[in-house]
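Notes follow once the structure below has been shown.
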There are 2 protein chains.
Amino acid sequence: MAGPDEQDERAFLEGYDPRAYDPVAVTVDVVALTIRDGALHVLLVRRGEPPFAGMWALPGGFVRGVRDAEDLPEAAVRELAEETGVSAEGGPLERVHLEQLGTYGAPGRDPRMRVVSVAYLAFAPELPDPEAGGDAADAAWTPVDALGLTEAGDQRPGTTRRLAFDHARIVSDGLERARSKLEYTPLATAFCAPEFTIPELRAVYEAVWGEELHAGNFHRKVLSVPGFVESTGGTADRGGRRGGPRPKLYRAGDARLLHPALLRPSREEEIR
Amino acid sequence: MAGPDEQDERAFLEGYDPRAYDPVAVTVDVVALTIRDGALHVLLVRRGEPPFAGMWALPGGFVRGVRDAEDLPEAAVRELAEETGVSAEGGPLERVHLEQLGTYGAPGRDPRMRVVSVAYLAFAPELPDPEAGGDAADAAWTPVDALGLTEAGDQRPGTTRRLAFDHARIVSDGLERARSKLEYTPLATAFCAPEFTIPELRAVYEAVWGEELHAGNFHRKVLSVPGFVESTGGTADRGGRRGGPRPKLYRAGDARLLHPALLRPSREEEIR
DNA sequence: CTGAGTTCATCTCAGCTTGAGAACAACATA
DNA sequence: TATGTTGTTCTCAAGCTGAGATGAACTCAG
């Protein structure tokens with residue numbers, strides 16, 4: 001049945017106070033990614049209380065609903081700022097790219113109550129350690145390789161850093177989104193300093209995609225895509241770590257989409 | 001501030017009963033797309049009650065949180081089935097593709113209370129009119145061109161079918177997602193009958209992208225992408241509407257990604 | 001039944017992009 | 001100073017794309 005009955009039901013429910021009806025809590029979780037020492041890292045916090053005490057989880061928390069009501073991206077920025085220990089205004093978070101990743105609301109994903117969590121994905125340039133002077137075990141940038149994530153979105157047996165709730169699935173989805181976004185948007189520049197070199201940009205792609213790229217072809221491609229990068233005219237202070245000429249400096253261009261896209265080589269195998 | 005303070009705050013909030021804390025309601029809305037008479041249509045319902053009485057809205061409703069708790073896709077399928085008047089089991093909904101589109105939670109988007117809405121996107125083959133025997137003004141497939149949507153996600157002045165809440169933004173996002181998905185996934189087949197012809201598939205692309213495609217190149221491309229379509233060996237009953245040979249029949253292949261992708265021609269202009 | 005116009009399916013061809021490799025100068029380090 | 005590494009630019013073959021042409025199969029009007 002539809003139509004009149006459904007209309008009546010919706011009108012009824014919409015006029016109902018949800019406090020008295022069916023309590024669902026809304027949280028935001030943030031998958032914040034950065035690159036350190038050439039490896040992709042995700043920001044995690046260690047849980048102090050049950051459930052999942054001692055396990056690692058994404059930074060996040062409740063959305064302020066009515067008192068100090070905030071929009072969802074606001075809540076994500078607030079949580080990220082609180083966990084990272086830096087202010088969102090004027091600080092390093094200014095240059096962080098933030099986008100919605102997805103919403104996770106399966107019954108039972110939180111054993112205490114019904115929680116619907118809106119996950120956000122953040123791309124950050126190298127940021128300081130979270131609360132460097134505090135308890136180092138509470139929050140840390142963690143190499144994603146150390147999480148033992150499988151394609152199915154869970155963790156391999158034997159992995160020491162266990163993730164709480166369904167956060168392994170959320171991190172997996174975030175990584176896949178990041179890998180995909182690097183293909184057709186210029187967001188790799190969000191992992192770099194304001195001025196960067198082509199080899200630095202290539203290192204970002206290699207860290208996120210987990211495979212080496214042909215330096216010559218990458219260089220040609222990046223310069224041939226309109227609006228991806230623009231030259232600053234400058235040159236880096238020194239050459240590569242183990243030699244080589246000083247690379248030229250670039251900054252992010254004004255393109256929002258890469259055309260043609262930079263496709264990852266390994267894509268062939270994942271198609272089916 | 002982060003670390004210990006933040007930990008305490010989260011532990012405090014997580015143990016808190018949200019009913020007594022900060023009430024946020026969770027709903028699902030469905031952007032159901034289909035193709036009728038060669039044009040892209042979206043399923044809309046007319047609101048009978050304020051706010052926005054008489055305006056059109058996406059089918060949707062509250063997620064069942066604790067009593068009869070359901071997952072978010074379940075809620076979307078239930079709402080879609082209720083509004084469409086067909087059963088999800090065994091009926092035409094079996095072949096509907098459903099994916100999460102995004103979550104909309106700006107304060108004030110519903111004037112009555114704080115509502116966070118998880119939007120789903122559905123691709124459907126041609127379905128019957130919603131509750132054909134009932135009040136025809138209550139639910140209807142609407143040509144998306146009749147909504148006067150702008151790139152900014154609102155409606156042009158003078159458009160007669162006004163959308164309630166922020167549903168113009170949600171529909172706009174759904175359309176952009178659909179256009180994009182057709183490029184790199186075989187989901188155009190979700191708009192077709194189980195067996196279809198290449199010209200029918202091309203009509204889907206032309207309806208969603210809103211531009212004509214080169215028939216010869218499209219044909220070559222579809223057949224050259226591995227796993228996009230597979231031949232049934234059969235032939236359609238008759239030729240095109242105004243003549244031509246009987247086209248061959250195909251069914252959807254097993255590819256989940258199109259490689260190489262089918263890029264829309266107009267992409268060049270939207271890049272910046 | 002016939003002729004005109006339409007459509008499916010395939011082919012051709014020039015232009016562009018890609019992947020792989022080579023070359024060479026500039027540089028770090030021992 | 002010698003050696004190995006790296007940034008940048010070429011070259012070349014292979015593949016893909018857009019635009020157009022062709023001919024057979026078909027619908028429909030007269």
Side-chain angles (χ1 to χ4, degrees), chain A residues 38 183-184 192 195-206 209 211-226 228-250 257-269 271, chain B residues 38 183-184 192 195-206 209 211-226 228-250 257-269 271:
Chain A
E183 289 190 312
Y184 59 93
C192 295
E195 296 200 351
F196 53 87
T197 69
I198 304 288
E200 282 169 1
L201 191 65
R202 176 161 49 87
V204 170
Y205 275 89
E206 290 177 337
W209 285 352
E211 55 191 317
E212 293 195 349
L213 300 176
H214 185 293
N217 291 342
F218 182 85
H219 201 279
R220 174 184 60 187
K221 190 80 164 89
V222 167
L223 294 186
S224 75
V225 174
F228 192 0
V229 299
E230 55 188 36
S231 174
T232 69
T235 305
D237 288 344
R238 43 165 297 154
R241 305 205 166 182
R242 292 182 292 187
R246 282 194 274 260
K248 298 175 187 170
L249 287 173
Y250 298 84
L257 251 44
L258 300 184
H259 184 81
L262 259 147
L263 300 175
R264 45 191 150 146
S266 64
R267 206 58 174 289
E268 313 266 346
E269 306 135 27
I271 298 199
Chain B
E183 290 189 310
Y184 59 93
C192 295
E195 296 199 349
F196 54 87
T197 68
I198 304 289
E200 283 169 359
L201 191 65
R202 178 162 47 88
V204 170
Y205 276 89
E206 291 176 335
W209 286 351
E211 55 191 317
E212 294 195 349
L213 300 176
H214 185 292
N217 291 342
F218 182 84
H219 200 278
R220 174 184 62 187
K221 190 77 164 91
V222 167
L223 293 186
S224 75
V225 174
F228 191 1
V229 299
E230 55 188 36
S231 174
T232 69
T235 305
D237 288 343
R238 44 164 296 156
R241 303 202 168 184
R242 292 183 290 185
R246 282 194 272 262
K248 298 176 187 169
L249 287 172
Y250 298 84
L257 251 43
L258 300 184
H259 185 81
L262 259 147
L263 300 175
R264 45 189 149 146
S266 64
R267 207 57 175 287
E268 312 265 348
E269 306 136 26
I271 297 196

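The model shown is predicted, which means the values in this text are computed figures rather than measured ones.
Proximity of B:Glu212 to B:Phe218: side-chain heavy atoms (C-beta onward) are nowhere separated by under 4.5 Å. Side-chain contact check for A:Pro247 versus A:Ile198: every heavy-atom pair is 4.5 Å or farther apart. Side-chain contact check for A:Leu201 versus A:Val229: some heavy-atom pair is nearer than 4.5 Å. Within the 4.5 Å cutoff, side-chain heavy atoms of B:Pro265 are placed close to those of B:Leu213. Taking the side chain as every heavy atom from C-beta outward, A:His259 and A:Pro226 never approach each other to under 4.5 Å.
B:Ser231 OG to B:Glu195 CD: the interatomic distance, rounded to the nearest 0.5 Å, is 9.5 Å. How far NZ of B:Lys221 is from CG of B:Leu263: 7.5 Å, rounded to the nearest 0.5 Å.
For the OP1/OP2 pair of D:dC26 and a distance below 4.0 Å, the side-chain nitrogens and oxygens of B:Arg246 include at least one atom meeting the criterion.
Of the two residues near DNA chain D, A:Gly244 and A:Leu249, the one whose nearest nucleotide lies more 5' is A:Gly244. Projected onto DNA chain D by closest heavy-atom contact, A:Glu200 and B:Gly239 fall at different nucleotides, the more 5' of which corresponds to A:Glu200.
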What nitrogen or oxygen pairs link the protein and nucleotides 28-30 of chain D at under 3.5 Å?
none

Polar atom pairs (N or O), protein with nucleotides 10-17 of chain D, under 3.5 Å:
| from | atom 1 | to | atom 2 | distance (Å) |
| --- | --- | --- | --- | --- |
| D:dT17 | OP1 | B:Lys221 | NZ | 3.1 |

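Side-chain N or O atoms of A:Arg241 include none that pairs as donor or acceptor with a backbone N or O of A:Gly243 at under 3.5 Å. Side-chain atoms of A:Lys248 never come within 3.5 Å of backbone atoms of A:Thr232 as a donor-acceptor pair (strictly under, hydrogens ignored).
More than 12 heavy atoms of other residues, nucleotides or ligands sit less than 6.0 Å from atom CD of A:Glu230.
Close approach of DNA chain C to chain B, defined as any atom under 4.0 Å from a non-hydrogen atom of the protein, starts and stops at C:dG5 to C:dT12.
For the pair A:Asp237 CG and D:dT6 P, the computed distance is 19 Å after rounding to whole Å. Atom pair A:Phe218:CZ and D:dG7:P shows a separation of 12 Å (rounding to whole Å applied). Between the CD atom of A:Glu212 and the C1' atom of D:dT6 there is a distance of 13 Å, rounded to whole Å.
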Give the intermediate values and the outcome of side chain to side chain contact (heavy atoms under 4.5 Å, CB included) for residues A:Phe196 and A:Val204. CA-CA 11 Å; A:Phe196 53 87; A:Val204 170; over 6 Å; no

